[in-house]
Amino acid sequence: ESNYAHRGYYSYFMDIPTPPQETKQTPKPLNLIETVVFEHLLPRAKQILSPEDAESIVGAEWWVHTRPIASNLGHNMHFDTDEALLAQEGLITHPILSSVLYLTGGEVDTSS
């Protein structure tokens, strides 16, 4: 589906459902990334953004990529924008909030 093995990266946009006004319950996370978004990033956004801006969040984009060990390739300088809106209307927009979470593999001690 993602062609990840050939591209080396994958980008995914997840909708942030608006909870019913009477309950304000957060949806149950389905994976680690959704847990980070729902349990850490959205509550933090509500702390630092205006109520109007926090309520305007409609989704979260996450992406992953791999780099060869010790390659020091880094990531090209870029800015995030809504690519579809840029292509359709020529408008450049930016996320209301950005965060970076690095997940790295580790060595498993199998000696015991």
Point to revise | OH (Y12) with more than 12 external heavy atoms under 6.0 Å | key: no

Check your understanding: Looking only at heavy atoms, which two atoms of V37 and M14 are closest? And how far apart?
Key -> CG1-CE, 4.1 Å

Point to revise | Approximate separation, where rounding is to 0.5 Å, of S56 OG and I16 CD1 | key: 11.5 Å

Point to revise | Pairwise distance OG1(T35) to NZ(K28) - rounded to 0.5 angstrom | key: 9.5 Å

Exercise for review: Mind checking the CG-CH2 spacing from N31 to W62? Nearest 0.5 Å is all I need.
Suggested key: 6.0 Å

Point to revise | Value rounded to 0.5 Å, distance of CD in E39 from CD in E34 | key: 11.0 Å

Review point. Roughly how far, to the nearest 0.5 Å, is CG of D80 from OG1 of T93?
Key: 10.0 Å

**Study point:** same_hphob_cluster(L42, L32) at 4.5 Å side-chain heavy-atom cutoff
**Key:** yes

Review point. Do L101 and F13 sit in the same hydrophobic cluster, where Ile, Leu, Val, Met, Phe, Trp and Tyr count as joined when their side-chain heavy atoms come under 4.5 Å apart?
Key: no

Review point. Is it true that I48 and L41 fall in one hydrophobic cluster, defined by side-chain heavy atoms closer than 4.5 Å?
Key: yes

Check your understanding: Taking all atoms of both residues into account, what is the closest heavy-atom pair of F38 and P43, and its distance?
Key -> O-CD, 3.3 Å

Review point. So which of L85, T81, D82 actually passes side-chain contact (heavy atoms from CB on, under 4.5 Å) with I92?
Key: T81

Exercise for review: Taking all non-hydrogen atoms of both residues into account, name the closest pair between A45 and A54 and its distance.
Suggested key: O-CB, 4.3 Å

